[in-house]
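Bear in mind the structure is a predicted one, so any value in this text is a computation, not a measurement. All chains are named by letter (A, B, ...) in the order of the sequence lines, taking the proteins before the strands, and each is independently numbered beginning at 1. Just so it is clear, the values below take in all heavy atoms, side chains as well, and ignore hydrogens, waters and symmetry mates.
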Number of protein chains: 2
Amino acid sequence: MIYMIKAAAEKTRLSVDTLRFYDKEGLLPFVSRNQSGYRAFTDGDLRLLKTITCLKNTGMKISEIRRYIAYVMQGPSSVPQRQAMLLAHREAILAEQQRVLANLKEIDLKLSVYSSPEAVQMITLERAYAKAEKVANGLPDPY
Amino acid sequence: MIYMIKAAAEKTRLSVDTLRFYDKEGLLPFVSRNQSGYRAFTDGDLRLLKTITCLKNTGMKISEIRRYIAYVMQGPSSVPQRQAMLLAHREAILAEQQRVLANLKEIDLKLSVYSSPEAVQMITLERAYAKAEKVANGLPDPY
DNA sequence: GGTTGCCCTGGAGTTAGGTCGAGGGTTTAT
DNA sequence: ATAAACCCTCGACCTAACTCCAGGGCAACC
């Protein structure tokens with residue numbers, strides 16, 4: 001099956017503009033043009049595009065994705081390099097997940113304060129303390 | 001304890017420029033100025049800044065953080081709104097984590113292909129197929 | 001053969017989140 | 001009383017990743 005850019009955009013859920021942008025950025029060297037100079041996406045191309053969106057969705061930068069795709073274009077000889085890239089990216093993703101989770105815990109802590117029955121009381125107290133801290137240092141009270 | 005902007009930057013691990021930028025964006029209405037017009041951060045201010053970085057680290061936009069901080073400035077009466085915001089943000093974080101995890105699974109699938117002993121063989125085959133798909137449709141072979 | 005609906009390129013514009021520099025005031029130590 | 005090390009504002013600049021537009025080509029239908 002061959003897809004023109006609009007159909008490819010619908011299949012990948014990317015916008016037509018984004019697809020052209022990706023091509024301009026060197027992410028789609030595998031997409032051929034037909035006699036009219038139109039991009040002609042094959043099913044294989046769409047599979048590769050799915051890989052690209054996976055990498056993008058997990059935070060890989062376009063410049064890195066371009067490097068990965070360059071390895072793909074190079075053929076089977078670049079398997080070790082691709083593997084190394086994906087492994088490194090995998091670690092980066094997991095590290096980021098951990099970082100987010102740590103921050104989420106802090107948020108959950110705040111949430112537990114807010115849902116406590118003494119929430120208003122505690123916050124009133126904290127506020128008074130913050131106010132005092134300013135006053136004690138001759139600072140204007142912003143509250 | 002009072003911290004000038006440089007010390008506050010070191011404590012929060014944000015840059016001085018970023019702190020000033022946040023102030024400009026209305027994220028730090030609680031930070032007072034001393035007689036010289038210098039920002040004077042209290043320990044309480046730094047604790048609030050930590051909350052801000054938590055929200056930022058988990059992907060909350062500055063405009064939303066500003067909204068949250070506005071609620072904080074409003075005092076204890078806004079506890080329900082703050083709680084609602086954090087709960088919604090919590091859900092957004094979890095959803096994003098899930099999205100990333102789903103994409104990670106795809107990457108792991110690719111990795112498993114690459115680490116198979118038949119990797120080169122499989123990729124060679126896939127490549128030949130992709131090539132054939134182009135040729136069969138009268139397209140130039142980009143490989 | 002004209003209208004419609006695709007497609008193309010090049011380049012400008014946008015948004016978020018900073019980052020930097022010029023020009024100038026303050027504080028502290030020598 | 002001057003140098004060093006801070007601090008301030010304002011506004012320009014930057015990067016990533018799009019997004020939009022003008023000007024123009026191709027293809028199908030009425």
Side-chain angles (χ1 to χ4, degrees), chain A residues 1-29 31-42 45 49 52-69 89 92 96 103 137-140 142, chain B residues 1-29 31-42 45 49 52-69 89 92 96 103 137-140 142:
Chain A
M1 215 30 197
I2 293 291
Y3 308 88
M4 290 293 97
I5 201 168
K6 196 187 179 201
E10 278 157 11
K11 279 225 142 199
T12 58
R13 295 138 139 285
L14 295 170
S15 78
V16 167
D17 279 322
T18 298
L19 281 177
R20 282 204 267 252
F21 168 69
Y22 283 176
D23 197 7
K24 214 185 294 187
E25 290 293 302
L27 262 48
L28 315 181
V31 175
S32 295
R33 304 295 184 108
N34 68 14
Q35 276 100 343
S36 311
Y38 295 3
R39 290 169 187 86
F41 294 77
T42 63
D45 292 347
L49 253 167
I52 289 174
T53 56
C54 265
L55 296 175
K56 189 199 56 132
N57 286 342
T58 50
M60 188 181 280
K61 279 189 241 163
I62 283 185
S63 55
E64 276 208 51
I65 300 179
R66 176 168 45 225
R67 214 156 59 77
Y68 179 79
I69 294 295
H89 185 52
E96 174 63 13
N103 284 279
N137 286 285
L139 297 171
Chain B
M1 208 38 193
I2 293 292
Y3 309 87
M4 290 292 97
I5 201 168
K6 197 188 179 201
E10 279 157 10
K11 280 224 143 200
T12 57
R13 292 136 141 288
L14 295 170
S15 78
V16 167
D17 280 323
T18 299
L19 282 176
R20 282 204 266 251
F21 169 68
Y22 283 177
D23 197 8
K24 211 186 300 184
E25 290 294 304
L27 262 50
L28 316 181
V31 175
S32 295
R33 303 296 182 109
N34 67 16
Q35 276 99 343
S36 310
Y38 294 3
R39 290 170 188 86
F41 294 78
T42 63
D45 292 347
L49 252 167
I52 289 174
T53 56
C54 264
L55 296 175
K56 187 199 57 133
N57 287 341
T58 50
M60 189 183 278
K61 279 190 240 162
I62 283 185
S63 54
E64 276 208 51
I65 300 180
R66 176 169 42 226
R67 214 156 58 78
Y68 179 79
I69 293 296
H89 185 52
E96 173 64 14
N103 284 278
N137 286 285
L139 297 172

Would you kindly give the [atom1]-to-[atom2] distance between [X] and [N], to the nearest whole Å?
{"X": "B/Leu19", "N": "C/dT19", "atom1": "CG", "atom2": "P", "value": "11 Å"}
{"X": "B/Asn34", "N": "C/dT26", "atom1": "CG", "atom2": "C1'", "value": "10 Å"}
{"X": "B/Ile52", "N": "C/dG17", "atom1": "CD1", "atom2": "P", "value": "13 Å"}
{"X": "B/Ile5", "N": "D/dT9", "atom1": "CD1", "atom2": "P", "value": "8 Å"}
{"X": "A/Lys6", "N": "C/dT4", "atom1": "NZ", "atom2": "P", "value": "16 Å"}
{"X": "A/Gln35", "N": "D/dG25", "atom1": "CD", "atom2": "C1'", "value": "15 Å"}
{"X": "B/Met4", "N": "C/dG25", "atom1": "CE", "atom2": "C1'", "value": "15 Å"}
{"X": "A/Leu27", "N": "D/dA16", "atom1": "CG", "atom2": "P", "value": "14 Å"}

A/Arg33 side chain, from C-beta outward: closest of C/dC7, D/dC7, C/dT9: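 Of the options given, the side chain of A/Arg33 lies nearest C/dT9.
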Shortest side-chain distance from A/Ser36, nucleotide among D/dA27, C/dG25, C/dC8: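 So the side chain of A/Ser36 is nearest to D/dA27.
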Touch class at under 4.0 angstrom, heavy-atom based, for A/Arg20 against every strand present: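 Base, at least one base atom sits under 4.0 Å.
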Does the [X] side chain pair with the main chain of [Y], one donor and one acceptor, at a distance under 3.5 Å?
{"X": "B/Asp23", "Y": "B/Arg20", "result": "no"}
{"X": "B/Arg66", "Y": "B/Glu25", "result": "yes"}
{"X": "B/Thr58", "Y": "B/Cys54", "result": "yes"}
{"X": "B/Asn137", "Y": "B/Leu139", "result": "no"}

Flag side-chain contact, heavy atom, 4.5 Å: A/Phe21 against A/Ile62: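 The answer is yes; the side chains approach within 4.5 Å.
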Value rounded to 0.5 Å, distance of OH in A/Tyr22 from CD1 in A/Ile65: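 The OH atom of A/Tyr22 sits 6.5 Å away from the CD1 atom of A/Ile65.
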Protein-nucleotides 18-21 of chain D N/O pairs under 3.5 Å:
residue, atom, partner, partner atom, Å
D/dC18, OP2, A/Tyr22, OH, 2.7
D/dT19, OP2, A/Thr18, OG1, 3.4

B/Lys11 atom NZ, over 12 foreign heavy atoms within 6.0 Å: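 No, the 6.0 Å shell around NZ holds no more than 12 heavy atoms from other groups.
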Along DNA chain C (nearest heavy atom to each residue), the more 5'-positioned of B/Tyr38 and B/Lys61: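 Here B/Lys61 is the residue nearer the 5' end.
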N or O in side chain of A/Arg39 less than 4.0 angstrom from C/dC7 OP1/OP2: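 So the side chain of A/Arg39 is outside the cut-off, no N or O lying under 4.0 Å from OP1 or OP2 of C/dC7.
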